[in-house]
Amino acid sequence: MSPFQLTRTLAPDAAGADLRTDVLHGLTRSPKELPPKWFYDARGSELFEEITRLPEYYPTRAEREILKERAPEIAAATGARTLVELGSGSSEKTRFLIDALLPGLDSYVPVDVSESALTGAAESLLAERPELRVHALIADFTRGLALPGTPGPRLVAFLGGTIGNLLPGERRTFLRSVRAMLSPGDALLLGADLVKDEETLVTAYDDAAGVTAAFNKNVLSVIDRELSADFDPDAFDHVAVWDPDREWIEMRLRARRALTVKIPELDLLVQFTAGEEMRTEVSAKFRQAGVRAELAEAGLDLDRWWTDSEGRFALSLATAR
């Protein structure tokens, strides 16, 4: 059997259909919004990698610190023979887990919507770890998954604090879908950014170099390219605000002037008033008690909780009831 398999569970035109639906619904509602998954074309992915290296953006470094220190403990606690990673991207941080789980690890199952990201990560991993088997899934993990028939116990990893990009109702649905994948003895490793002072949070999403601003505006370039729209990114300002009641950061784009955007692929004209804001991302921040409660509601028990040395970010390990 080949050490690398690739399974497509998304129709080839699924991304285009989803983009049209999201843009139509998001830009005809009030207030306007777009989901953050459309940041990540090739340029958006490059910009995000640049963001992770910025001095203001701590989550990637903090999570990497935990993984580097705690991967052997995670491996010992789970004994996983299959590692499933949701939204795997380049699989860079996951190497700490893979190396800790080897030689007992049989299979790594990365899940992502990007075929190029999956194949690139698999080639790199297999060149360094030829004993590993990689069964990649081109899939949207928010829609539920049918995992390949790999041996248990399984460890499902959802890293990067991406759980915070889901609204509370979406998180409930997502965690229940993860629980449905798990058998007794399987576990979920969840990365969550923690509540902290407003200045640290806001500057992490509004860096001095303007990289996050470019990343935020890139969603307009995606719509221009894919739907023949005429958004002018320079007509919008990047905004990041902390909502203390909901305990989340919102990224928005604020129209500098009144303008009309044409989206021919949708036969749509979108009016913006001067100063009107469109939400492009929510990034919720968490407390241990809240994570425990959300996991419990989904049928998962929080067993382990690790933070980085400064208490900024957490990894939690939860098992299926």
Side-chain angles (χ1 to χ4, degrees), residues 18-19 21-41 44-45 47-48 51-52 54 56-60 62-63 86-87 89 113 140-143 158-178 190-207 211-220 222-223 236-255 276-287 289-291 293-295 297-298 312-314 316:
D18 285 353
L19 176 63
T21 298
D22 287 345
V23 171
L24 180 61
H25 290 173
L27 298 188
T28 55
R29 60 172 296 167
S30 182
K32 298 179 178 68
E33 66 178 16
L34 291 168
K37 66 181 179 180
W38 302 115
F39 290 138
Y40 296 95
D41 64 348
S45 297
L47 287 166
F48 184 71
I51 287 169
T52 66
L54 292 169
E56 298 97 331
Y57 193 80
Y58 61 85
T60 302
E63 186 178 49
L86 307 179
V113 296
D140 181 347
F141 61 78
T142 64
R143 297 181 173 182
F158 191 41
L159 304 175
T162 309
I163 188 72
N165 295 143
L166 304 178
L167 296 171
E170 294 170 335
R171 290 202 302 269
R172 284 192 291 273
T173 299
F174 167 75
L175 289 171
R176 287 171 183 160
S177 74
V178 170
L190 180 66
D193 196 9
L194 301 179
V195 174
K196 57 188 66 67
D197 66 280
E198 181 174 351
E199 182 181 359
T200 298
L201 287 165
V202 171
T203 56
Y205 293 83
D206 193 10
D207 60 277
V211 182
T212 311
F215 175 69
N216 194 6
K217 292 181 184 184
N218 186 64
V219 71
L220 305 180
V222 170
I223 296 170
F236 291 83
D237 288 320
H238 165 69
V239 179
V241 295
W242 170 243
D243 184 328
D245 296 323
R246 295 186 173 107
E247 295 193 324
W248 68 39
I249 286 280
E250 285 194 12
M251 289 210 316
R252 305 171 185 167
L253 290 170
R254 178 187 293 149
E276 182 178 354
E277 294 182 346
M278 171 173 61
R279 189 171 74 186
T280 53
E281 182 178 83
V282 161
S283 185
K285 309 305 171 186
F286 297 90
R287 303 175 189 270
V291 172
E294 292 195 32
L295 290 169
E297 187 181 0
R312 300 166 297 178
F313 196 95
S316 61

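Given the structure is predicted, the values throughout are model-derived calculations rather than measurements.
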Please verify the inter-ring angle class for Phe215 with Phe39; under 30° counts as parallel, over 60° as perpendicular, anything in between as tilted.
tilted
Test item: Lys217 side-chain N/O and Phe236 main-chain N/O as donor-acceptor pair under 3.5 Å:
yes
When you compare the side chain of Trp38 with that of Thr280, does any pair of heavy atoms fall below 4.5 Å?
no
Check: Asp193 side chain, Phe313 main-chain N or O, donor-acceptor pair, under 3.5 Å
no
Of Leu19, Leu27, Asp22, the one forming a side chain to side chain contact (heavy atoms under 4.5 Å, CB included) with Leu34 is Leu27
Would you please classify the geometry between the Tyr57 ring and the Phe48 ring as parallel, tilted or perpendicular, with 30° and 60° separating the classes?
perpendicular
Short question: side chain of Lys196, backbone of Arg312 - any donor-acceptor pair under 3.5 Å?
yes
Once rounded to the nearest 0.5 Å, what's the spacing between atom CE of Met278 and atom CG of Asn216?
8.0 Å
CG/Asp206 to NE2/His238 distance, rounded to the nearest 0.5 angstrom?
4.0 Å
Beyond-backbone contact of Phe158 with Val178, side-chain heavy atoms, under 4.5 angstrom
no
So, Glu63 side chain and Gly160 main chain: donor-acceptor pair closer than 3.5 Å or not?
yes
Does a donor on one side chain and an acceptor on the other come within less than 3.5 Å for Thr200 and Asp197?
yes
